[in-house]
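Structure first, commentary second.
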Amino acid sequence: MTSSTTSALRVLVVDDHELTRCTLKLSLEFQAHIQLVGLASNGKEALELVRKHQPDLVVLDLHMPIMDGWTTSQEIKRKYPQIKIVAYSSVDGGKAQAQADGAAIDAFCEKGACTKSLLEMIRAIA
């Protein structure tokens with residue numbers, strides 16, 4: 001993203017819970033500076049959508065079936081190091097655990113936090 005006034009931040013949401021995906025979809029679509037480029041329910045789907053859309057930022061759950069967020073973050077950063085990743089998880093001590101497990105994340109937001117906090121974090125790291 002070169003300028004917040006000239007282009008929208010392209011965001012991909014990855015979470016295995018449909019309600020979370022839908023809630024984030026609605027929240028992000030109401031942000032003038034954000035363009036939602038896709039929704040994925042696991043890491044394997046996420047990698048395909050990242051390849052296809054090359055988002056600026058990925059909001060990524062850490063615990064998912066098929067391919068978890070730790071593995072997914074490492075794969076995204078290996079292939080697309082410029083993409084920012086916000087881990088969005090309800091994992092107890094998730095930030096510390098994500099760092100200890102080698103997750104390649106740029107920021108961590110607890111799922112229990114309000115949506116405003118997530119949006120502020122997205123703006124801050126974008």
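Linking ILVMFWY side-chain heavy atoms closer than 4.5 Å, directly or via other members, places L26 and I34 in two distinct hydrophobic clusters.
The line from NE2 of H33 to CD of Q35 is 12.5 Å long, rounded to the nearest 0.5 Å. Atom OG in S41 sits 6.5 Å away from atom CD1 in I66 (nearest 0.5 Å). Atom SG of C109 sits about 4.5 Å away from atom CG of L118, to the nearest 0.5 Å. Interatomic distance, L24 CG to H17 NE2, rounded to the nearest 0.5 Å: 12.5 Å.
For the side chain to side chain contact (heavy atoms under 4.5 Å, CB included) test with I83, the passing option among I76, L57, D106 is I76; the others fail. Considering V59, D61, D15 as possible partners of R21, the one that fulfils the side chain to side chain contact (heavy atoms under 4.5 Å, CB included) test is D15.
Between the side chain of K44 and the backbone N or O of T72 there is no donor-acceptor pair closer than 3.5 Å.
For Q82, the CD atom sits in a packed shell: over 12 heavy atoms of surrounding residues, nucleotides or ligands are nearer than 6.0 Å. Within a 6.0 Å radius of NZ in K25, other residues, nucleotides and ligands contribute 12 heavy atoms or fewer. The environment of K111 atom NZ is dense: over 12 non-hydrogen atoms of other residues, nucleotides or ligands sit within 6.0 angstrom.
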Please step through salt bridge (Lys or Arg N to Asp or Glu O under 4.0 Å) for the pair E120 and R123, ending with a clear verdict. CA-CA 5 Å; E120 288 171 356; R123 283 187 202 104; 5.6 Å; no
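In this structure, the side chains of V14 and M64 come closer than 4.5 Å at one or more pairs of heavy atoms. Counting heavy atoms from C-beta on, the side chains of W70 and E75 never come closer than 4.5 Å.
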